[in-house]
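Since the model is a prediction, treat every value here as computed from it, not as a measurement. One-based numbering, in listed order, for ligands and for the atoms of each.
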Amino acid sequence: MLALARDMTGDHPAFPVLVASNDPSAGGLAKAAALGIPTAALDNRAYPSREAFEADLARILDAANPDVICLAGFMRILTPGFIRHYEGRMLNIHPSLLPKYPGLHTHARALAAGDTEAGCTVHEVTADLDAGPILGQARVPVLPGDTPDTLAARVLIQEHRLYPAVLRRFATNDRTPVLLP
Ligand code: NHR
């Protein structure tokens, strides 16, 4: 999130209108506020259902009138109704080389499979979990002695390069995938 926010200066085709989190204690909220970006927190645990949470989330998002929504570490599966409302303008970054390892625990699964490379993928969010059109990928080597944590740290560095590069392109309506080594 911060990598995206910090990139949106100067000649960037987009600007941040809102940073929102389902966790009121998320550190990113204060960091975004320090950059002068409006923030919102709505605690999903305070809602009786996914649908009730999403209804409030959609109200908050729509009030900010975004052209593009970027998920970053957002861990709540979104229902098809919510997705439809934002279809074609919601992105996510996922810590694997999709279509490999959708869902959770991606680094542990890559290591267990004996993969020699790993990475991250930016994709359009569709109702199918981590299966929307791919907008960019970055690759890293898996090194001897890697643990899920050391691999995650190496991939995270690439996440912070890839997502801003994809958003720059997407914000000009260009969906050609960004491929980083
Ligand atoms: N929602 C839809 N409909 N489609 C996608 O592609 C989505 C999505 C919501 C989040 C991010 C994804 C990731 O990159 C994302 C993509 C959470 C889960 C999950 O199982 C899976 C994938 C992603 C995020 N969430 C559990 C749930 O019941 C909770 C897990 C937890 O809290 O640890 O929501 O990783």
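- Taking each heavy atom of E54 and L78 in turn, the nearest pair found is OE2-CA, 3.2 Å.
- Contact residues of ligand 1 (protein heavy atom closer than 4.0 angstrom to a ligand atom; sorted by chain and number): R50, F74, M75, R76, I77, L78, I83, N92, I93, H94, L104, H123, V125, T126, A127, D128, L129, D130.
- Residues meeting the side chain to side chain contact (heavy atoms under 4.5 Å, CB included) test with T39, sequence neighbours left out: V19, L29, A32, A33.
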CA sep, side-chain torsions, deciding dist, call: R76, D23, salt bridge (charged side-chain N to carboxylate O under 4.0 Å, His left out):
CA-CA 11 Å; R76 312 295 311 165; D23 177 0; over 6 Å; no
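- Between Y47 and F53, the ring planes lie perpendicular to each other; the angle is over 60°, past the 30° to 60° tilted range.
- The two residues L57 and F82 have their closest heavy-atom pair at CD2-CZ, 3.7 Å.
- Hydrophobic cluster membership is shared by V122 and M8, with clusters built from Ile, Leu, Val, Met, Phe, Trp and Tyr side chains linked at under 4.5 angstrom.
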